[in-house]
Undergrad: 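My questions all concern the structure below.
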Amino acid sequence: MSYPEPSDVGPAAGGHLPVSDGDRTKVVTLLESAYAEGRITAAEHTERMQAAAAAETFDDLVPLTRDLV
């Protein structure tokens, strides 16, 4: 049985809201797992980790993990 991709993931409030260090940590954890599982390449991992560190809003973070949900 196939289940549809979730469409309700992402910030509950607007994507323009500032992110906290905890929000960045959650993204980094997901990226580390995706890399360890071979779902992203080393180059993708490096690029996404740098973007996560520089993220200021949820609009910056959401695209980094959208394909990993």
Side-chain angles (χ1 to χ4, degrees):
M1 177 176 213
S2 176
Y3 295 97
E5 279 293 317
S7 60
D8 60 344
V9 294
H16 62 284
L17 295 177
V19 295
S20 67
D21 289 338
D23 297 320
R24 283 187 205 90
T25 299
K26 289 176 186 176
V27 169
V28 165
T29 300
L30 181 59
L31 293 173
E32 292 288 349
S33 294
Y35 179 61
E37 295 168 2
R39 294 189 289 149
I40 58 175
T41 66
E44 289 173 315
H45 177 260
T46 299
E47 182 179 321
R48 292 182 193 207
M49 292 291 280
Q50 290 171 347
E56 295 181 5
T57 68
F58 282 101
D59 282 341
D60 298 330
L61 284 181
V62 170
L64 302 178
T65 59
R66 181 172 283 135
D67 62 335
L68 302 176
V69 176

Undergrad: Specify the closest pair of heavy atoms between Leu64 and Leu68, including all atoms of both residues, with the distance to one decimal.
TA: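 Closest approach of Leu64 to Leu68, heavy atoms only: O-CD1, 4.1 Å.
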Undergrad: Which residue pairs satisfy the salt bridge (Lys or Arg N to Asp or Glu O under 4.0 Å) criterion with at least one member in residues 24-33, sequence neighbours excluded?
TA: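 Passing the test, one end in residues 24-33: Asp21-Arg24.
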Undergrad: I'd like a table of donor-acceptor pairs (distance under 3.5 Å, sequence neighbours excluded) in which one partner is a side-chain atom from residues 50-58, with atom names and distances.
TA:
residue : atom : partner : partner atom : Å
Thr57   : OG1  : Asp59   : N            : 3.3
Thr57   : OG1  : Asp60   : N            : 3.4
Thr57   : OG1  : Asp60   : OD2          : 3.4

Undergrad: Hey, could you give me the CZ/CG distance between Arg39 and Leu30, rounded to the nearest 0.5 Å?
TA: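 Atom-to-atom, Arg39:CZ and Leu30:CG are 6.5 Å apart.
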Undergrad: Per the ring pair (Phe, Tyr, Trp, His ring centres under 6.0 Å) rule, what does the pair list look like for residues 24-49, sequence neighbours excluded?
TA: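 Pairs touching residues 24-49 that pass the test: Tyr35-His45.
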Undergrad: Who pairs with Thr29 by side-chain hydrogen bond (donor to acceptor under 3.5 Å, both in side chains), at least two apart in sequence or on another chain?
TA: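 Thr29 satisfies side-chain hydrogen bond (donor to acceptor under 3.5 Å, both in side chains) with no other residue.
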Undergrad: Looking at residues at least two apart in the chain, or sitting in another chain, which of them share a side-chain hydrogen bond (donor to acceptor under 3.5 Å, both in side chains) with Glu47?
TA: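 side-chain hydrogen bond (donor to acceptor under 3.5 Å, both in side chains) list for Glu47, sorted by chain: empty.
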